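Labels below follow one simple rule: chain letters A, B, ... track the order of the sequence lines, proteins then strands, and each chain is numbered from 1. Source: prediction; values computed, not measured.
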Number of protein chains: 2
Amino acid sequence: MSPHSAGWREVSRAAPVFAALGDETRLALVARLSSDGPLSITRLTAGSAVTRQAVTKHLDVLAMAGLVSDVRRGRERIWELELEQMEAAGAYLEHVSKRWDEALDRLKQFVEE
Amino acid sequence: MSPHSAGWREVSRAAPVFAALGDETRLALVARLSSDGPLSITRLTAGSAVTRQAVTKHLDVLAMAGLVSDVRRGRERIWELELEQMEAAGAYLEHVSKRWDEALDRLKQFVEE
DNA sequence: GCGTTATGCAACTTCATGGTTGCATCTTAC
DNA sequence: GTAAGATGCAACCATGAAGTTGCATAACGC
């Protein structure tokens with residue numbers, strides 16, 4: 001696809017979301033939140049293999065992609081999932097799959113003619 | 001999540017797929033294939049911003065993640081999408097979303113009691 | 001056979017990412 | 001008000017990923 005054709009914007013929006021999910025530590029954080037609900041940085045760190053600082057960085061990356069958001073509660077910072085972007089990513093995958101099927105249909109049609 | 005709790009294997013399977021999709025160039029290749037059908041490396045390179053070698057590397061990454069596969073046809077190598085992994089990724093996203101909703105329900109229940 | 005086209009291989013550069021440690025700051029609980 | 005707990009900030013290191021260039025090889029077309 002050329003950088004100027006239709007669909008480019010979709011790609012450049014979806015990529016950062018997938019990139020954010022494409023790290024085991026981050027995906028584990030997402031999994032942890034999804035099963036246990038909103039959690040503080042310290043609680044997320046306990047149960048992760050890495051440092052609190054590393055967890056903080058990963059949460060920042062997820063936040064940049066719009067996958068999580070945080071709320072201050074006293075001295076702690078509570079993180080929770082933000083499903084919008086995840087649903088958008090899922091929709092994108094479905095879209096790609098559907099177009100692929102159509103492309104194969106066109107190809108089959110072409111071969112048969 | 002601890003590295004030994006349930007769900008860890010899912011995470012370590014899903015992460016590489018998302019990682020493969022988390023690059024604009026690669027996602028553009030996927031988009032191109034999905035709209036135009038199976039294509040050779042040269043054809044994929046025309047319409048991409050980068051070198052043929054770069055495209056080849058990206059296709060290799062996508063192949064490692066099980067997202068594409070190739071077939072030789074004479075002197076060219078034809079690449080096509082492999083939807084299985086993409087559908088698995090979509091299913092994973094749905095799973096996470098569902099568990100998050102349930103976690104919020106439990107939380108609400110807990111607060112009300 | 002020979003030029004052209006399509007791809008493969010390898011070395012190399014650059015830069016972002018994941019991770020760490022050390023110290024500062026801010027809340028909260030007594 | 002003071003100690004302990006939760007987080008913020010910054011410097012630093014190591015590795016891998018993305019991209020390039022240059023050359024080698026293999027398959028067509030005529």
Nearest-neighbour nucleotide for the [X] side chain, [options] considered:
| X | options | result |
| --- | --- | --- |
| A:Ala54 | D:dC9, C:dG19, D:dA27 | C:dG19 |
| A:Thr42 | C:dA6, D:dC9, D:dT7 | D:dT7 |
| B:Val50 | D:dG19, C:dT7, C:dC9 | D:dG19 |

Which atom names give the shortest non-hydrogen contact between B:Gln85 and B:Ala65, and what distance separates them? CG-O, 3.3 Å
Calculate the interatomic distance between [X] atom [atom1] and [N] atom [atom2]; express it in whole Å.
| X | N | atom1 | atom2 | result |
| --- | --- | --- | --- | --- |
| B:Arg73 | C:dT5 | CZ | P | 18 Å |
| A:Arg77 | C:dT25 | CZ | P | 18 Å |
| B:Lys57 | C:dT13 | NZ | C1' | 11 Å |
| B:Arg52 | C:dT7 | CZ | P | 7 Å |
| B:His58 | D:dA18 | NE2 | P | 6 Å |
| B:Arg72 | C:dA6 | CZ | P | 13 Å |
| A:Asp60 | C:dG18 | CG | P | 12 Å |
| A:Phe18 | D:dA17 | CZ | P | 19 Å |

Earlier contact from the 5' end, DNA chain D, for B:Thr51 and A:Arg43: A:Arg43
Tell me whether B:Glu102 at atom CD has more than 12 heavy atoms from other residues, nucleotides or ligands lying less than 6.0 Å away. yes
Looking at C:dG18, I'd like to know if its phosphate oxygens (OP1 or OP2) sit under 4.0 Å from a side-chain N or O belonging to A:Arg26.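 The answer is yes; a side-chain N or O of A:Arg26 sits under 4.0 Å from OP1 or OP2.
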Counting only side-chain nitrogens and oxygens, does A:Thr25 get under 4.0 Å of the OP1 or OP2 atom of C:dG19? yes
Ion pair A:Glu76/A:Arg73, N-O distance below 4.0 Å: yes
So, does A:Ser40 use its side chain to make a donor-acceptor pair with the main chain of A:Arg43 at under 3.5 Å?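 Yes; judged by distance alone, with no hydrogens or angles, the pair exists.
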